[in-house]
Structures are given as C-alpha cells and as structure tokens.
Amino acid sequence: MIFLKTEDEIELMRAANQLVAATLAEVGRNIKPGVTTAQLNKIADEYIRDAGAVPTFKDFPNPFGGPFPASICTSVNDQVVHGVPNDKPLCEGDIVSVDCGAQLNGYNGDSCYTFCVGEVSEETRKFLHTVKESLYEGIKAARAGNRIGDIGWAVQSYCEASGLGVVREFVGHGIGREMHEEPQVPNYGRRGNGPLIKNGLCIAIEPMITMGNPQVYMEPDKWTIRTRDGHLAAHYEHTIAIHHGKADILSSFEEIEKIENQK
C-alpha cells in the first residue's frame with residue numbers, strides 16, 4: 001500500500017532529511033586520504049544522536065545474514081551499495097559513496113552522496129557528474145500525473161547515453177514512517193508504466209550506476225555489493241515529496257558541494 005503524506009508529515013520528513021544532509025556534510029568535511037570509513041561512521045553516528053535522532057541503518061535486518069553493524073553505508077570504488085565501514089584507510093584517488101538514514105520525530109530521512117578522496121582522475125569526475133545529473137533527470141520526471149516508470153526511464157536513458165551501466169538488483173523506494181515503503185522506484189523502466197505519481201507521494205530516488213557492466217555480486221559479509229568487472233560505481237540519492245504537482249527535494253547537497261568546492 002502507498003501512503004500519501006499530509007503537508008504536516010512532509011514538513012516532518014523535511015526536518016529528518018535536512019538532518020541527514022547535515023550529517024553527510026559533516027562526514028564530507030572529514031573525507032581525506034588516510035581516514036577510515038569506521039572513523040566516518042563514528043562521526044555520523046554521534047552527529048545523528050546528538051540531534052536527538054536515531055540512525056536507521058544501525059541494526060537494520062538482513063534476509064541473508066546478520067543486522068547491519070553501522071550507522072552509514074560506505075561503498076568504496078567498485079562497491080555499489082551497502083558497504084560496511086571498516087579500518088582500512090581511504091587512499092588518494094578513491095571514491096566513496098556514503099549512504100545515510102535517520103529517524104527524527106517518527107519520520108525518516110535518506111540520502112547518499114559519492115565523495116572524491118583527494119584528487120581523482122578526470123574520467124572519474126566526468127563519471128560522477130553524469131551519475132549525479134541522472135538523479136536530477138529522475139527528479140524532473142517525478143511529477144503528478146506521471147508514473148514511476150517515467151522516473152526510471154529518465155535515469156536509464158541519461159546514463160546509458162554515456163555508456164554507463166544501470167544496476168537492476170537495487171532500487172529506490174517510498175519513505176515515511178518506515179525507511180522502506182511502497183512503491184519501489186527502479187532506475188530503469190518504460191515511460192507511462194508503473195504506479196501513478198500523486199501529490200503527497202514521498203520517495204527516495206537513488207541511481208546506482210557503474211562505469212562498466214551493470215552486473216554485481218554480494219561479498220561474504222552478506223551486505224557489500226560490488227561490480228563483477230571491478231569498474232567503479234557511484235550512488236546518489238535524494239528524498240523527495242510530490243508537492244503542488246511537482247518534486248520538492250527534502251534532502252540537500254548544498255553544504256556538501258560547498259565543502260567539495262573548498263577542497
């Protein structure tokens with residue numbers, strides 16, 4: 001069942017998503033060669049809890065194994081999603097996707113950003129720019145009267161035009177009181193297909209895109225997903241609400257991008 005949100009609920013979700021945005025910015029300030037993803041996880045966990053919220057990823061159940069052991073997902077280089085923070089230092093030229101979720105006043109925020117570690121190649125920068133732009137292409141298609149398939153088609157066509165791979169196994173989702181609600185929001189699809197988009201719909205749109213073949217596999221930890229061919233992967237995510245007929249972005253990359261520009 002798809003739960004449409006009231007004006008008041010949308011504002012509660014905006015607060016949760018702005019906290020997630022601030023958490024990602026705080027993590028971004030600390031990303032540099034030599035830092036470990038376990039250290040980044042500690043920063044995020046403390047930031048969320050200090051704000052009176054709960055990190056929703058911590059202890060999230062897994063149908064394949066144990067609960068998620070951290071408060072953020074940190075997926076490095078060819079890791080696509082659900083990377084588990086660890087004590088391995090990040091290196092110059094790496095990229096790391098940081099996915100973060102928080103529950104504040106009973107409502108959830110969810111967002112992801114792929115960061116550069118020091119200087120990366122021009123090819124990598126171009127790849128990240130294309131993936132981030134595909135997120136906004138999907139958001140433009142998220143308007144009342146369209147269908148969920150229009151969002152997926154927008155992301156897919158934008159990425160595949162640049163020769164990139166669109167991961168099929170993992171998708172965006174509805175969000176509200178629960179982190180994952182209906183409907184599923186794939187990053188591929190056909191225009192005019194899928195559930196109708198209506199005012200009050202709140203969804204997380206999250207392109208998970210590879211520089212090569214889109215096939216993936218799961219690591220033995222039963223969480224981390226990698227590309228089969230070892231090529232880079234990137235992941236960007238915004239939570240949006242359909243408000244007055246169009247997408248209202250509840251999360252934000254504004255502070256993250258300021259920090260990136262300063263670096």
Side-chain angles (χ1 to χ4, degrees), residues 23-44 57 62 64-65 68-101 110-135 155 158-160 162-172 187 206-237 253 256-257 259-260 263:
T23 305
L24 287 174
E26 187 65 20
V27 169
R29 286 187 185 92
N30 291 276
I31 290 177
K32 60 185 177 181
V35 168
T36 70
T37 51
Q39 288 172 317
L40 299 178
N41 176 69
K42 185 174 186 292
I43 290 165
F57 292 2
N62 184 351
F64 305 107
F68 194 72
S71 296
I72 55 173
C73 300
T74 52
S75 304
V76 180
N77 294 334
D78 61 328
Q79 295 176 345
V80 183
V81 285
H82 303 159
V84 178
N86 58 43
D87 293 321
K88 182 179 178 182
L90 295 170
C91 297
E92 184 86 18
D94 284 345
I95 61 173
V96 54
S97 299
V98 181
D99 195 356
C100 180
D110 190 8
S111 185
C112 183
Y113 195 90
T114 301
F115 295 89
C116 299
V117 182
E119 289 296 320
V120 302
S121 70
E122 186 58 34
E123 182 185 25
T124 298
R125 286 195 179 278
K126 184 178 177 182
F127 167 59
L128 296 182
H129 176 77
T130 302
V131 180
K132 184 159 66 169
E133 286 302 302
S134 79
L135 169 60
V155 173
Y158 191 85
C159 289
E160 290 182 347
S162 296
L164 305 180
V166 179
V167 173
R168 284 351 192 230
E169 290 84 351
F170 298 90
V171 299
N187 297 304
E206 48 179 322
M208 289 159 273
I209 308 298
T210 68
M211 197 183 271
N213 191 293
Q215 292 185 332
V216 298
Y217 72 97
M218 182 184 289
E219 289 190 13
D221 65 14
K222 303 297 184 184
W223 280 107
T224 308
I225 304 298
R226 282 188 185 268
T227 60
R228 282 198 176 275
D229 62 9
H231 281 87
L232 294 179
H235 179 197
Y236 291 89
E237 177 183 18
F253 293 158
I256 294 168
E257 289 168 345
I259 293 162
E260 285 206 322
K263 286 184 178 180

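As the structure is a computational prediction, the values presented were derived from the model and not from experiment. One-based numbering along the sequence shown.
Between T36 and K88 there is no side-chain heavy-atom pair separated by less than 4.5 Å. For the pair C91 and V117, the minimum side-chain heavy-atom distance is 4.5 Å or more. A heavy-atom distance below 4.5 Å is found between the side chains of T210 and V167. Side-chain contact check for P207 versus S134: some heavy-atom pair is nearer than 4.5 Å. In this structure, the side chains of S111 and L24 come closer than 4.5 Å at one or more pairs of heavy atoms. With contacts defined as side-chain heavy-atom distances shorter than 4.5 Å, the pair T130/Y158 qualifies. Residues D94 and F115 form no side-chain contact, since every pair of their non-hydrogen atoms from C-beta on lies 4.5 Å or further apart. Using a 4.5 Å cut-off on side-chain heavy atoms (C-beta onward), K32 and L90 make no contact.
Contact between D110 and E237 at its shortest, heavy atoms only, is OD2-OE2, 2.8 Å. Contact between G83 and T224 at its shortest, heavy atoms only, is CA-OG1, 3.7 Å. When all heavy atoms of T227 and Y217 are compared, the pair lying nearest together is O-CE2, 3.6 Å.
Between the side chains of D229 and N213, no donor-acceptor pair is found at a separation under 3.5 Å. Side-chain contact, S97 with S75: no donor N or O sits under 3.5 Å from an acceptor N or O. One side chain, E260 or Y113, offers a donor N or O that lies under 3.5 Å from an acceptor on the other.
We find that R29 and E26 are joined by a salt bridge, their nearest charged nitrogen and carboxylate oxygen being less than 4.0 Å apart.
A ring pair (Phe, Tyr, Trp, His ring centres under 6.0 Å) with H82 is found for one member of F57, F64, F170 and no other, namely F170.
A side-chain donor-acceptor contact under 3.5 Å links N187 to the backbone of E206. Between the side chain of T37 and the backbone N or O of T74 there is no donor-acceptor pair closer than 3.5 Å.
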